[in-house]
Amino acid sequence: MSTPGHDDPLSKERSHLAASRSALRAMREDVESLDITDVTANWVNAAVLESQIEQRIKALADLSETPLFFGRLDYLHAPGAEQAEGERFYVGRRHVHDADGDPMVIDWRAPVSQPFYRASKKDPQDVSLRRRFGYTGGDLTAYEDEHLLDPAEAATTSRLLQQEIERPRVGPMRDIVATIQPEQDEIVRAGLAGSVCVQGGPGTGKTAVGLHRVAYLLYAHRERLARTGTLVIGPNRSFLHYIEQVLPALGELTVRQATVDDLVAHVEVRGTDEAATAVIKGDARMAEVLRRALYSHVVPPTEGVVVVRGSRRWRVPVYELEEIVRELLARDIRYGAAREALPQRIAHAVLVQMERAGEAPDDRVQNAVARNAAVKALVKSVWPQVDPAKLVLRLLTDADFLAEHAEGVLTGDEQKAVLWVKPARSVRSARWSPADAVLIDEATDLIERTHSLGHVVLDEAQDLSPMQYRAVGRRCTTGSATVLGDLAQGTTPWATRSWEEALGHLGKGEAVVEELTAGFRVPTDVIAYASRLLPHIAPGLTPVASIRENPGFFDIRTADAGPADVVAACRELLEREGSVGLIAADARVPELAAALAAAGIGHVGPGEETTHATRLTLVPASLAKGLEYDYVVLDEPRAVVDGEPDERTGLRRLYVALTRAVSGLIVTHTTGLPRQLT
């Protein structure tokens with residue numbers, strides 16, 4: 001409800017903001033004053049409760065630069081009660097209530113807040129007025145009204161919404177909670193049970209949608225996800241640094257973030273593969289090779305086993321042992337689980353004999369038989385323990401072993417490609433590559449089931465290999481996934497060709513594929529220029545249509561003076577408000593870094609924006625994906641293309657680099673532009 005104040009509407013809203021901040025402060029003080037001395041039974045419970053209280057205090061922090069609420073809804077009737085008088089709700093990042101428990105601010109994720117994002121003239125959803133607020137810093141400075149039930153008022157694009165989308169930024173990624181669009185909101189609020197795949201071009205907000213979906217699911221299913229866990233997977237550490245403040249700003253502090261390499265870090269990665277080799281190792285066929293190699297360790301028993309119990313000897317004949325092994329293999333359970341079940345099955349066979357002889361053995365006797373030395377020796381010979389890293393090492397170094405288990409799966413040339421030129425003596429000394437680590441993760445899961453989380457968000461998914469998809473899928477076999485990506489931005493040699501194929505490898509073939517085509521972040525002129533590449537890199541993909549009213553700043557310049565002209569362009573953009581990214585082919589980064597230093601212009605690397613006030617980031621093209629800057633200088637497009645193994649991958653890398661700018665782009669070149677842009 002609004003707080004009484006002066007007649008000026010803006011003054012009333014400022015009064016409500018002040019009262020809401022005061023209420024939030026009181027909520028935080030209530031938590032800080034909690035005394036748990038006599039509540040907990042032991043120190044473990046006390047530590048858990050103290051941690052929960054600490055998290056709650058952090059979630060109730062009042063960030064001075066972050067608006068406590070950004071919108072208001074005036075309902076014609078009270079929600080859920082058509083005959084009752086209408087109510088007014090302020091929509092913000094978190095729930096705030098007064099001393100009586102009455103809401104001052106409603107969480108944006110609450111059902112009553114949904115019309116803020118979806119109500120329209122055609123479907124007002126019982127909302128008579130939607131008000132948006134404009135802020136300068138933390139001060140409320142403007143508001144804008146939409147009278148959804150007034151037929152005389154034409155539907156217009158929100159000026160405040162446009163300003164918020166185009167607002168300059170420095171540092172990490174911000175939340176978009178005040179600017180979520182209807183098509184984005186549908187994805188954000190999709191149910192937990194189903195998986196969703198979002199195909200979105202540059203500037204469509206797919207990353208933000210994925211992060212806000214996590215926040216929504218934690219709100220709607222907090223207890224369940226608290227038990228099962230959530231995970232956000234990004235392409236690299238720089239990207240994770242860039243997005244790491246979004247969820248905490250929404251009050252969610254417990255979501256883990258990782259790269260695929262983090263998930264499969266069973267060994268130290270010190271080596272690299274040629275592209276062709278990495279493609280084969282990343283092929284889903286390798287899963288079958290690993291399965292065959294693993295189960296080749298299971299050998300049929302050649303003789304029966306004799307168990308001595310006191311003065312009695314119990315013999316399980318070889319044919320019965322063979323039947324037990326066949327049954328375990330047929331059950332298709334994990335290798336390790338079957339190995340643990342084998343001695344129990346043998347012990348059960350012994351107990352059957354005991355019962356036939358008139359004895360009455362119980363579970364303790366069965367467990368004792370299972371631990372019998374003769375039984376343990378037989379299990380060791382028939383179903384031995386296998387170390388997953390040693391298994392992969394043998395496959396990659398023993399040509400005969402690989403040939404035996406890759407027959408009919410990999411060609412002879414493919415087998416030669418994955419074999420190591422210099423075999424390693426041990427797992428510790430081996431120079432494992434990232435693709436090798438994924439193979440070890442697959443082998444590990446064949447032996448012992450990987451823990452499954454409740455929900456996983458996978459961003460920049462188009463760059464994963466089939467085996468990497470399988471590694472991620474193992475982390476959400478009993479949960480759901482949100483897959484985010486753009487097929488046009490696939491820049492790895494193994495980049496996925498279709499979402500149907502990718503989702504199949506992920507184990508989420510039933511996932512719904514949604515496409516975002518409205519561009520909110522990239523200016524019209526910039527996205528139109530970059531879209532010239534689409535026929536060459538992703539034929540048939542729908543180009544992004546920018547909805548920005550401001551066409552943005554865009555210029556193409558010949559850099560006759562080389563790096564000096566690039567530095568001059570950076571200096572020019574630094575005179576504007578906001579962040580600046582200088583994106584260049586990886587090989588040209590050292591030269592440009594030296595030129596910036598000589599000119600006295602400080603810069604940081606990707607991911608360092610969160611800890612430095614410097615507004616210029618020097619970005620290798622290989623790390624540009626997923627990042628955004630208010631202004632971008634793109635150095636030497638042809639060098640970006642030539643820096644990749646093939647032209648198509650190079651053009652995709654260039655497409656990524658061209659679309660990192662939110663407000664303006666300067667392209668500098670000395671050797672001419674790629675023909676696909678001219």
Side-chain angles (χ1 to χ4, degrees), residues 1-17 19-20 67-98 102-135 140-166 176-190 205 209 212 216 219-220 516 518 520 545 547-549:
M1 299 179 183
S2 64
T3 303
H6 300 93
D7 292 336
D8 176 23
L10 193 57
S11 296
K12 289 183 178 181
E13 302 296 14
R14 286 171 175 165
S15 295
H16 186 80
L17 175 61
S20 299
L68 198 54
F69 56 79
F70 46 81
R72 193 184 99 186
L73 292 174
D74 290 7
Y75 277 88
L76 194 62
H77 306 94
E82 294 184 3
Q83 303 303 318
E85 185 180 345
E87 289 189 68
R88 175 176 298 169
F89 297 97
Y90 287 82
V91 181
R93 285 169 173 77
R94 58 175 59 83
H95 176 86
V96 180
H97 59 255
D98 62 17
D102 293 328
M104 304 285 289
V105 180
I106 299 295
D107 194 301
W108 66 276
R109 298 167 288 188
V112 75
S113 300
Q114 182 172 313
F116 183 77
Y117 302 106
R118 298 199 194 179
S120 64
K121 284 280 188 180
K122 292 182 179 179
D123 181 19
Q125 301 186 19
D126 202 44
V127 173
S128 60
L129 180 138
R130 173 168 52 202
R131 176 169 288 180
R132 299 182 188 274
F133 296 105
Y135 287 82
L140 199 164
T141 55
Y143 69 90
E144 185 179 74
D145 288 345
E146 289 179 84
H147 296 89
L148 299 179
L149 299 177
D150 184 356
E153 183 178 294
T156 59
T157 303
S158 167
R159 180 178 53 84
L160 290 179
L161 183 66
Q162 285 284 339
Q163 289 177 353
E164 175 62 23
I165 290 173
E166 298 174 13
I176 63 163
V177 68
T179 62
I180 295 174
Q181 297 300 291
E183 62 271 26
Q184 295 174 323
D185 190 63
E186 288 184 17
I187 298 171
V188 167
R189 296 177 192 264
V209 166
H212 287 69
Y216 171 77
Y219 174 87
L516 296 176
F520 305 100
I547 65 167
R548 297 272 295 275
E549 293 183 348

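- For His77 (side chain) and Asp126 (main-chain N/O), no donor-acceptor pair under 3.5 Å exists by modelled atom type.
- Taking every heavy atom of both residues into account, Arg131 and Glu13 meet most closely at NH1-OE2, 2.6 Å.
- Closest heavy-atom contact between Gln184 and Ile180: OE1-CA, 3.6 Å.
- Take Gln114 and apply the side chain to side chain contact (heavy atoms under 4.5 Å, CB included) test, not counting sequence neighbours, and it matches Arg118, Asp185, Arg189.
- For the atom pair CZ of Arg94 and CZ of Arg109, the computed distance is 9.0 Å after rounding to the nearest 0.5 Å.
- Here the OH-CG distance, from Tyr90 to Leu68, works out to 12.0 Å after rounding to the nearest 0.5 Å.
- Among all heavy-atom pairs drawn from His147 and Leu129, the shortest one is NE2-CD1, 3.4 Å.
- Counting only heavy atoms from C-beta outward, the side chains of Phe69 and Ser20 approach each other to under 4.5 Å.
- The heavy-atom pair separating Pro115 from Tyr75 by the smallest distance is CG-OH, 3.1 Å.
- When all heavy atoms of Val91 and Val105 are compared, the pair lying nearest together is C-CG1, 4.1 Å.
- Remark: side-chain polar atoms of Arg88 are not paired, donor with acceptor, to backbone N or O of Arg72 under 3.5 angstrom.
- Remark: His97 engages Met27, His95 in a side chain to side chain contact (heavy atoms under 4.5 Å, CB included) (not counting sequence neighbours).
- Pairing each heavy atom of Ala518 with each of Ile547, the nearest pair is CB-CG2, 4.1 Å.
- Between the side chain of Tyr135 and the main chain of Phe70, no donor-acceptor pair closer than 3.5 Å is present.
- Going from atom CG of Asp74 over to atom OG of Ser128 covers 5.0 Å, rounded to the nearest 0.5 Å.
- Residues Glu153 and Lys121 meet the side-chain proximity criterion, which asks for heavy atoms closer than 4.5 Å.
- For Arg132, the side chain to side chain contact (heavy atoms under 4.5 Å, CB included) test picks out Phe116, Arg130, Glu144, Glu146, Ser158, Leu160, Leu161, with sequence neighbours left out.
- When side chains are defined from C-beta on, Tyr143 counts as touching Pro9, because their heavy atoms get closer than 4.5 Å.
- Rounding to the nearest 0.5 Å gives a distance of 8.0 Å between CZ of Phe520 and CD1 of Ile176.
- Contact of the Leu73 side chain with the Ile106 side chain is not registered, since no non-hydrogen atoms from C-beta on lie closer than 4.5 Å.
- A 4.5 Å side-chain heavy-atom check between Tyr219 and Trp108 finds every atom pair outside the cut-off.
- Interatomic distance, CG of Leu148 versus CG of Asp123, reported as 9.5 Å (0.5 Å rounding).
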